[in-house]
Asker: 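Got a structure for you, questions after.
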2 protein chains.
Amino acid sequence: MTKHEIGTRERIVRTTSRLLQRQGYGATGLKEISREAEATLGSVYHFFPGGKRELAVEAIRHGDKEFAEALAAWFDRVDDPGAAVIACTRELAAGLRESGWLDGCPITTAALESAGHEPDIQRAAEEAYENWRALVRDKLLRSGLTEDVARELAHTVINTLEGAEMSAQVSQSEEPLEIAGRHLARLIDSYR
Amino acid sequence: MTKHEIGTRERIVRTTSRLLQRQGYGATGLKEISREAEATLGSVYHFFPGGKRELAVEAIRHGDKEFAEALAAWFDRVDDPGAAVIACTRELAAGLRESGWLDGCPITTAALESAGHEPDIQRAAEEAYENWRALVRDKLLRSGLTEDVARELAHTVINTLEGAEMSAQVSQSEEPLEIAGRHLARLIDSYR
DNA sequence: TACTGGATAGAGCGTTCGTTCTAGCGGCGT
DNA sequence: ACGCCGCTAGAACGAACGCTCTATCCAGTA
């Protein structure tokens, strides 16, 4: 195991993140995780003594960071905020289609499942949405919108993207995301 | 069992719908369903020989009809479409808060879980979203919007409501729904 | 060479899963 | 009064669940 390869722990987290994204918390077993990650059950419990719950929290944090980095990159490439949101919807639609409509939002499925039952997971998901909203808000602030308008728009941008991605996944169609992009751009433009 | 009481089958479907809404497909067991519904496992398999999958499809259709009726009632009470959507967000927020943030969208959790794995459930969820969009589209058509604009707005109205409700549930706050209502009304008004 | 401690390996714990099965209840039509 | 049948009841099956346990491996240190 040379140092430039990814370690067992990281491999377990990434595998868990992908499985949580695709089939949720309840339907994902630890044995399935260890098999997919090419690690043993012993390794899983070695790195995550808290078991499935602790591992899921770590995986959601991973999905959080992953999507935040993608969002930041897309925003850096396009200056106009409306156009940047449209670019987001295109990227999300492409990723969804290319994965065979399997890879939607990395955390939403687990977040919904565990709302009200698994406080740790729910909190990790809440923090992720907060991080993503902050990225959108800053982008809107940089384009000259006021603090209040930017903060509220950030809510709706993230929530509409979430809803549209869910709808696109269920209907296996890019249309909901494409429409969402145009509507969000129009809404943002209406505040300038 | 007099005829004006609800029968065992209906009781099983309603219980399944509520459990699917609260904890998803994978985390809901048939024994839990039969216990909560005060029915036996034999009754469950008597009415739903197709087992868990068939029962879940029926429960999602139940949730579909339930929400469609609520949506139609809210739309009938308020004439202006923007104001009607705001009324929707208020009702959704109230329902969410009153249930202790447990009862979000009746079908989204199961829909996301089963996307790509359970075609029957995915299709039932897709049909539900389609029905709800049709209600929104008709409401917008009645207020004078063109066919194309109404159809596309219906997508975003439903998707934004879905995303905002999910966000409200995870953060245990009515704010995302309240913001979504105002933004959607503004978006709708911008087309008249 | 001997020791140590992090990491790996996998058998096995009790429990619950979805499902199948047979037996029995109870009200209706004849 | 009888037989039938929709429905209820719950035991039991193999498989999978989360988790615990002991044994082994192996690089680093003295």
Asker: Side-chain donor-acceptor pair under 3.5 Å between S17(B) and H62(B), yes or no?
Answerer: no
Asker: Return the value, rounded to whole Å, for the distance between atom CZ of R9(B) and atom P of dT8(D).
Answerer: 12 Å
Asker: What is the separation between atom NE2 on H46(B) and atom P on dC7(D), rounded to the nearest whole Å?
Answerer: 4 Å
Asker: Check the pair Y129(A) / D64(A) against side chain to side chain contact (heavy atoms under 4.5 Å, CB included), numbers first and verdict last.
Answerer: CA-CA 8 Å; Y129(A) 294 131; D64(A) 171 6; over 6 Å; no
Asker: Does a nitrogen or oxygen in the side chain of S43(A) sit under 4.0 Å from OP1 or OP2 of dT8(C)?
Answerer: yes
Asker: R53(B) has an atom CZ; how far is it from atom P of dG18(C), in whole Å?
Answerer: 12 Å
Asker: For R192(B) and D80(B), what are the C-alpha separation, side-chain angles and deciding distance, and is it a salt bridge (Lys or Arg N to Asp or Glu O under 4.0 Å)?
Answerer: CA-CA 12 Å; R192(B) 325 204 285 174; D80(B) 176 75; 2.9 Å; yes
Asker: In whole angstrom, what separates Y25(B)'s OH from dC17(C)'s C1'?
Answerer: 12 Å
Asker: Atom pairs, N/O to N/O, protein against nucleotides 10-12 of chain C, distance under 3.5 Å?
Answerer:
none

Asker: Can a side-chain donor-acceptor contact be found between T15(A) and E36(A) if the only test is distance below 3.5 angstrom?
Answerer: no
Asker: Nearest-Å distance, CG (L30(A)) to P (dT20(D))?
Answerer: 11 Å
Asker: Treating Q122(B) as the side-chain partner and G116(B) as the backbone partner, does any N or O pair qualify as donor plus acceptor under 3.5 Å?
Answerer: yes
Asker: Give the rounded distance in Å between these two atoms: CD of E118(B) and P of dG18(C).
Answerer: 12 Å
Asker: What integer distance in Å separates L55(B):CG from dC17(C):P?
Answerer: 14 Å
Asker: R97(A) and salt bridge (Lys or Arg N to Asp or Glu O under 4.0 Å): which single residue from E174(A), E91(A), E175(A) fits?
Answerer: E174(A)
Asker: Rounded to whole Å, please give me the gap between CZ in F48(B) and P in dT20(C).
Answerer: 16 Å
Asker: Is L187(A) reachable from V157(B) through a run of hydrophobic residues whose side-chain heavy atoms are each under 4.5 Å from the next?
Answerer: yes
Asker: Which part of the nucleic acid, if any, lies within contact of F47(B), taking any heavy atom under 4.0 Å across all strands shown: a base, the sugar-phosphate backbone alone, or nothing?
Answerer: sugar-phosphate
Asker: For a quick check of understanding: with a heavy-atom distance under 4.0 Å over all strands, which category does S34(A) fall into, base, sugar-phosphate or nothing?
Answerer: nothing
